[in-house]
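In what follows, chains are A, B, ... by sequence order, proteins preceding strands, each numbered from 1.
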Amino acid sequence: MIQVTLKDGSVKSYKKGTTIIEIARDISEGLARVAVAGEVNGQVKDLSTPLNEDCKLNLLTFDSEGGKATYWHTTSHIMAQAVKRLFPNVKLAIGPSIENGFYYDFDSEKTFTPEDLKVIEAEMQKIIKEDYPIERFTLSREEALELMKDEPYKIELINELPEDAEISFYRQGEFTDLCAGPHLMSTGKIKAFKLMQQAGAYWRGNEKNKMLQRIYGISFPKASQLEEYIKMLEEAEKRDHRRLGKELDLFSMNEQIGPGLVIWHPKGARVRLRIEDLWRKQHLRNGYDIVYTPHIGRGELWETSGHLGFYKESMYSPMEVDNQDFYVKPMNCPFHIAIYKNKLHSYRDLPYRWAELGTVYRYEKSGVLHGLLRVRGFTQDDAHLFCAPEQMPDEIRRVLRFCLSMLHEFGFDKYKIYLATKPKDKSVGDEKMWADATKALEEAVKAEGLECDIDEGGGAFYGPKIDIKIKDALNREWQCSTIQFDFNEPERFDLTYVAADGSRQRPYMIHRALLGSIERFFGVLLEHYGGAFPVWLAPVQVKVIPLLEKHQAFANEIADKLRQQDVDVEIDARNEKIGYRIREAQLEKVPYMLVIGDKELESGTVSVRSRKDGDIGSMTVDAFISKVVEEIRTHA
RNA sequence: GCCACCAUGGCUCAGUCGGUAGAGCAGCGCAUUCGUAAUGCGCGGGUCAAGGGUUCGAGUCCCUUUGGUGGCUCCA
């Protein structure tokens with residue numbers, strides 16, 4: 001007999017060799033029905049796995065992470081089986097579950113069209129109906145290679161398995177795949193699925209390798225869940241910043257201007273101004289100095305900085321002026337360094353904190369451009385800190401705290417922090433510098449009571465960094481903030497300061513961007529609020545709607561008073577019905593609408609409609625002004 | 001850059017088998033003076049992304065280019 005400890009802490013005895021599904025049935029038929037896998041001592045296993053020793057067992061349903069992974073992984077096998085039936089010449093690569101569903105990579109002469117996906121879906125439906133049991137078995141390396149002799153990618157995978165690895169396969173009907181599992185017990189367990197899209201993907205994610213065809217899909221135990229998921233995607237589309245940007249007339253791109261270059265329309269620019277105003281105010285309050293630098297610089301500058309060596313493929317081609325090459329800047333750092341180099345510095349003057357909303361241009365591959373989130377010309381909210389080594393831990397903490405408070409101001413309180421460490425292959429700076437800097441970064445995160453994931457080897461070649469990715473309302477992550485050490489440029493530009501003992505010392509240099517780039521941040525912010533900016537950010541904060549012509553003068557008076565208090569206000573005095581104008585203001589997502597008619601004119605009040613709560617009654621003009629001014633001040 | 005898909009008035013979209021382009025919204029004009037999500041009538045507006053090809057004839061079929069979308073690689 002073996003002792004099995006269940007999730008609720010209870011311990012049950014079973015005969016040795018009892019399978020997980022049998023235990024599930026023993027607990028309840030209902031549980032057995034919804035169980036998709038079992039977690040044995042923390043490892044996700046097939047339900048058919050026999051248990052031979054005492055263990056902890058957690059039965060997983062689709063709702064758990066491991067359950068989803070199992071469910072989706074099995075669906076990907078069903079898809080591969082369908083593809084093999086329809087297109088026997090296709091070679092199989094890999095087909096894992098991912099965050100939202102699964103994919104399978106195929107090597108195929110023929111490219112899959114949307115119609116093919118429909119046909120594959122129909123075949124999958126058959127396989128599910130046929131309800132093949134899914135069996136696991138293991139083979140020796142030789143047998144495995146023999147079985148997979150027509151599958152070159154599988155052979156490559158088998159050959160790379162460690163010497164002592166167990167080589168397992170899963171069989172369902174005529175289809176067998178090399179796979180570590182786990183899987184559901186039979187193909188009939190998949191209830192609702194959909195193939196989402198075809199995409200190219202390099203074998204093993206390396207662009208030097210062959211491009212395979214990837215098909216993405218997702219599945220659920222209930223049809224209603226699939227419907228919900230699709231509805232969720234439609235909702236996401238409604239708050240897509242590109243769509244909102246057009247609808248709210250905030251920004252656009254223009255084919256004639258060029259790809260990845262943003263033009264900011266008056267309303268978008270107004271929101272941007274608000275962001276920048278706050279940014280400037282906060283930087284001055286936090287001990288930064290603001291600087292301005294040019295957009296281009298001589299080739300020699302970029303030679304010295306190392307950009308022409310390490311970064312040239314991301315830079316716009318040079319322009320020749322007076323027989324010299326000038327490059328448009330992809331980064332601001334060399335210019336800030338030039339400020340530093342302009343004179344001799346004492347340790348007493350450190351640290352320097354120089355910030356700039358610096359517009360940079362980078363050549364990004366055409367296929368990666370994406371709305372405002374990936375562009376070729378953008379403005380970084382950049383700053384460079386120059387400090388003595390002993391000041392460094394303090395500076396890091398300070399900048400991290402500043403960063404988080406800035407994100408908070410914009411309504412972002414959920415984010416994920418990554419600590420990116422020394423890359424394996426190439427890096428500059430000695431071990432001690434890396435260790436000190438990495439430790440300082442990690443300690444700063446801890447000191448703020450935060451957690452971070454380690455991005456092993458993810459640092460820049462010139463230093464470790466903290467990246468902060470913010471999540472929008474739909475849980476998608478976007479990297480905005482970054483705090484990066486630089487061991488490279490102080491060396492290359494031979495930066496020094498005079499220490500207390502009169503010796504020349506090398507300062508530490510930190511690059512940092514809190515919002516990242518204004519463009520990307522604006523895009524994320526727009527999606528975060530679904531276009532409904534809080535009053536302090538909204539391009540039009542108040543819309544005054546006089547009911548009739550005779551109310552216009554009073555409306556103007558109110559608007560003027562609001563403008564005196566720096567409130568952005570528009571008057572909609574068009575000869576349209578009130579419902580029409582309310583509707584438009586509502587669609588423009590204006591936070592407050594003021595309806596002015598006879599009643600208001602007589603009593604000196606305004607009738608207030610809030611975007612969110614509808615008609616909220618009337619109040620005196622002054623009461624409304626102080627209300628809205630206060631909301632703007634406190635970022636309510 | 002690579003794989004797939006897409007491009008029709010300002011916007012959203014229809015356009016069958018290849019036979020010379022249509023709607024709604026927006027815009028403009030007129031009427032309407034109205035109390036919280038669309039007042040009515042009328043008018044104007046398109047070299048069907050660009051270029052080439054097939055054809056008696058191309059929005060529709062083929063090729064190239066440009067731009068975009070979803071991925072891959074890369075990144076703020």
Take atom [atom1] in [N] and the same atom in [M], then report the distance between them in whole Å.
{"N": "B:rU69", "M": "B:rU20", "atom1": "C1'", "value": "32 Å"}
{"N": "B:rG51", "M": "B:rU66", "atom1": "P", "value": "15 Å"}
{"N": "B:rA4", "M": "B:rA58", "atom1": "P", "value": "29 Å"}
{"N": "B:rA21", "M": "B:rC63", "atom1": "P", "value": "26 Å"}
{"N": "B:rA38", "M": "B:rC74", "atom1": "C1'", "value": "47 Å"}
{"N": "B:rC6", "M": "B:rU54", "atom1": "P", "value": "25 Å"}

Interatomic distance where [atom1] belongs to [X] and [atom2] belongs to [N] [whole Å]:
{"X": "A:Asn332", "N": "B:rA76", "atom1": "CG", "atom2": "P", "result": "13 Å"}
{"X": "A:Arg214", "N": "B:rC2", "atom1": "CZ", "atom2": "C1'", "result": "13 Å"}
{"X": "A:Glu237", "N": "B:rU12", "atom1": "CD", "atom2": "C1'", "result": "12 Å"}
{"X": "A:Tyr103", "N": "B:rC72", "atom1": "OH", "atom2": "P", "result": "8 Å"}
{"X": "A:Tyr104", "N": "B:rC72", "atom1": "OH", "atom2": "P", "result": "18 Å"}
{"X": "A:Arg574", "N": "B:rA26", "atom1": "CZ", "atom2": "C1'", "result": "11 Å"}
{"X": "A:Glu313", "N": "B:rG1", "atom1": "CD", "atom2": "C1'", "result": "12 Å"}

For [X] and [N], is the shortest distance between a side-chain N/O and OP1 or OP2 below 4.0 Å?
{"X": "A:Arg242", "N": "B:rU69", "answer": "yes"}
{"X": "A:Lys210", "N": "B:rC2", "answer": "no"}
{"X": "A:Thr482", "N": "B:rA76", "answer": "no"}
{"X": "A:Tyr216", "N": "B:rC3", "answer": "no"}
{"X": "A:Arg204", "N": "B:rC72", "answer": "no"}

Contact nearer the 5' end of RNA chain B, comparing A:Leu369 with A:Ser607: A:Ser607

From the list [options], which nucleotide is the closest neighbour of the side chain of [X]?
{"X": "A:Lys365", "options": "B:rG1, B:rG35, B:rC74", "result": "B:rG1"}
{"X": "A:Gln479", "options": "B:rG71, B:rC11, B:rA76", "result": "B:rA76"}
{"X": "A:Lys577", "options": "B:rC34, B:rA38, B:rC75", "result": "B:rC34"}
{"X": "A:Ile578", "options": "B:rG35, B:rU39, B:rU73", "result": "B:rG35"}

What contact category does A:Gly367 fall into here, base, sugar-phosphate, or nothing, at under 4.0 angstrom with non-hydrogen atoms? base

Can you tell me the Watson-Crick or wobble partner of B:rU39, both distances under 3.5 angstrom? B:rA31

Parallel, tilted or perpendicular for A:Phe251 and A:Phe522, by the 30°/60° rule? perpendicular

Listed pairs, N/O of protein and of nucleotides 61-66 of chain B, under 3.5 Å:
from	atom 1	to	atom 2	distance (Å)
B:rU66	O2'	A:Glu255	OE2	2.8

